[in-house]
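The figures that follow rest on heavy atoms only: side chains count, while hydrogens, waters and symmetry mates do not. Letters go in sequence order (proteins before strands), and every chain restarts at 1.
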Number of protein chains: 2
Amino acid sequence: MTENQPKKTGKSDRTRAKILEAAKLLFAEHGYEGASIRDVAAHASIDPAMVIRYFRSKDELFARAAVVDLQLPALRVIDRNAIGETLIRRFLEVWEGPASGPGMAILLRSATSNEFAAEKLRDVFGNQVRPVIAAVADPADAGRRAGLVSSQLLGLAMCRYLLRLPPVVALSHDEIVQNVGPTLQRYAVGEDAP
Amino acid sequence: MTENQPKKTGKSDRTRAKILEAAKLLFAEHGYEGASIRDVAAHASIDPAMVIRYFRSKDELFARAAVVDLQLPALRVIDRNAIGETLIRRFLEVWEGPASGPGMAILLRSATSNEFAAEKLRDVFGNQVRPVIAAVADPADAGRRAGLVSSQLLGLAMCRYLLRLPPVVALSHDEIVQNVGPTLQRYAVGEDAP
DNA sequence: TGCATTTGTCAACGGCTGTTGGCATAAGCA
DNA sequence: TGCTTATGCCAACAGCCGTTGACAAATGCA
């Protein structure tokens with residue numbers, strides 16, 4: 001028997017999920033270093049040792065919690081003039097909608113002081129954002145354009161959800177769409193800079 | 001004698017400065033939690049206890065290191081069409097020029113997981129960014145506009161200097177000015193959204 | 001020269017961290 | 001019913017953390 005992990009009966013699956021849910025919550029709120037295994041265990045009403053038994057280490061727990069699937073729409077099939085609006089609406093869905101988990105918050109919260117989180121966030125950019133832009137813009141420019149789009153979106157997320165800058169928190173969805181949408185439109189498919 | 005701190009002879013001033021310089025470097029690189037007092041002491045070639053003697057605690061050391069003075073120009077006196085360009089050029093100066101210290105990097109690196117740093121960053125917004133915008137836009141809108149400007153600038157800083165997203169690192173100053181300048185121009189003084 | 005103050009080193013405290021191994025239950029199967 | 005396995009708690013380890021106090025060397029002033 002090479003497996004050290006618990007078998008997958010109904011019980012163990014439930015506690016495993018309970019631990020993961022608590023971990024996502026605390027990682028999203030306090031970041032990697034700020035959320036201790038003991039905190040996670042307390043929130044899951046369980047012993048700290050169990051956290052290690054179910055996930056082999058804190059790093060592995062973090063890796064399981066910080067899963068991001070942006071599910072960006074295929075921009076090629078939508079109205080070319082609505083690309084910016086589509087992106088910003090999807091952004092709001094990812095950060096405020098119930099379907100997407102707190103994966104992005106977890107990554108962004110920790111990426112400034114944890115190299116693994118930073119690398120994973122760069123992966124999200126390279127594997128999920130950039131390809132979508134490359135499908136509607138000159139592939140040679142896709143990196144630059146996707147980088148600009150990301151800078152605006154990550155900055156908005158920083159100000160609104162992590163830093164909680166009051167005027168940015170106060171923005172309505174419509175205001176965000178009307179102000180940031182055109183920016184993303186220009187970054188994604190606007191006229192080239194010389 | 002109510003003072004517990006060392007007197008200000010030439011010697012003590014030099015070590016005090018040495019400690020502060022090491023602290024700025026490490027806080028900017030690794031954030032508040034990631035930079036320990038022992039690390040700072042080692043970088044300053046000094047005993048950890050001295051760090052506490054010169055600055056009374058790690059919190060106070062951080063407060064002294066995370067000092068930010070953006071020195072934003074008075075936008076009222078410049079060409080109204082060049083506001084966006086002026087802002088983004090000043091941004092590059094603050095982050096890459098030799099004059100401004102690493103204060104912004106220190107704050108941004110720690111603001112995601114340290115409430116004191118977050119509060120101080122919000123203060124920079126309220127006391128330095130917002131008033132400058134309020135001088136050239138409808139004061140009732142200044143908060144919203146300054147918030148949008150900050151979202152783009154903090155996001156750019158995140159991607160370029162902290163996360164080091166390759167395509168954003170590769171951008172030349174001219175490319176940044178030409179792409180981000182118009183965004184800031186519109187956020188700062190562009191036509192109102194309905 | 002003698003003394004008081006400053007500058008610095010060393011060792012240690014208490015607390016928190018991730019992680020481990022041992023031991024008690026509880027559950028499932030023969 | 002008995003036995004194996006899974007699930008869980010407890011105590012402890014080693015390591016790092018910020019911080020403290022005692023003591024040594026250096027410095028400056030009389």
side-chain contact (heavy atoms from CB on, under 4.5 Å) partners of B/Q128, counting only residues at least two apart: B/V68, B/D69, B/L70, B/V124
Take the protein atom OH of A/Y54 and the nucleotide atom C1' of C/dT19, then report the distance between them rounded to whole Å. 17 Å
Does a side-chain heavy-atom distance below 4.5 Å link B/R145 with B/V149? no
What is the separation between atom CG on A/L26 and atom P on C/dG18, rounded to the nearest whole Å? 12 Å
Could you walk me through whether A/I88 and A/L153 pass side chain to side chain contact (heavy atoms under 4.5 Å, CB included), step by step? CA-CA 8 Å; A/I88 189 61; A/L153 292 182; 3.9 Å; yes
Using a 3.5 Å limit on both pairing distances, list the dot-bracket string of DNA chain D from the 5' end; Watson-Crick and G-U wobble pairs count, crossing pairs take [ ], interstrand pairs take |. .||||||||||||||||||||||||||||.
Extract from the structure each pairing of a protein N or O with an N or O of nucleotides 19-21 of chain D at less than 3.5 Å, listing the distance.
| residue | atom | partner | partner atom | Å |
| --- | --- | --- | --- | --- |
| D/dT19 | OP2 | B/K58 | N | 2.7 |

Rounded to the Å, how far apart are B/H30 NE2 and D/dC16 P? 16 Å
Within the 3.5 Å criterion, strictly below it, is a donor on B/Y187 or A/T183 matched to an acceptor on the partner's side chain? yes
Could you state the CD1-P distance from B/I46 to C/dT9, rounded to the nearest angstrom? 6 Å
Does A/S12 have a side-chain nitrogen or oxygen under 4.0 Å from the phosphate oxygens OP1 or OP2 of D/dA6? no
In whole Å, I'd like the distance from the CZ atom of B/F62 to the C1' atom of D/dG18. 16 Å
Below 4.5 Å, heavy atoms only, C-beta onward: do B/L61 and B/Y54 meet side chain to side chain? no
Scan residues 155-177 of chain A for pairs that pass ring-ring contact (aromatic ring centres under 6.0 Å, His included), counting only residues two or more places apart or in two chains. A/W95-A/Y161
For B/R122, side-chain contact (heavy atoms from CB on, under 4.5 Å) partners two or more places apart: A/L163, A/L165, A/P166, B/E115, B/A118, B/E119
Strictly below 4.0 Å: does B/S36 bring a side-chain N or O up to OP1 or OP2 of D/dC16? no
State whether a side-chain donor-acceptor pair under 3.5 Å links A/E33 with A/S113. yes
Atom-to-atom span, CG of B/L61 to P of D/dC17 - whole angstrom: 15 Å
Which residues satisfy the side-chain contact (heavy atoms from CB on, under 4.5 Å) test with A/A146, sequence neighbours excluded? A/F125, A/V129, A/R130, A/I133
Length of the line joining A/M50:CE and C/dT25:P, which is rounded to integer Å: 16 Å
Grab the CZ-C1' distance between A/R16 and D/dG8 for me, whole Å please. 16 Å
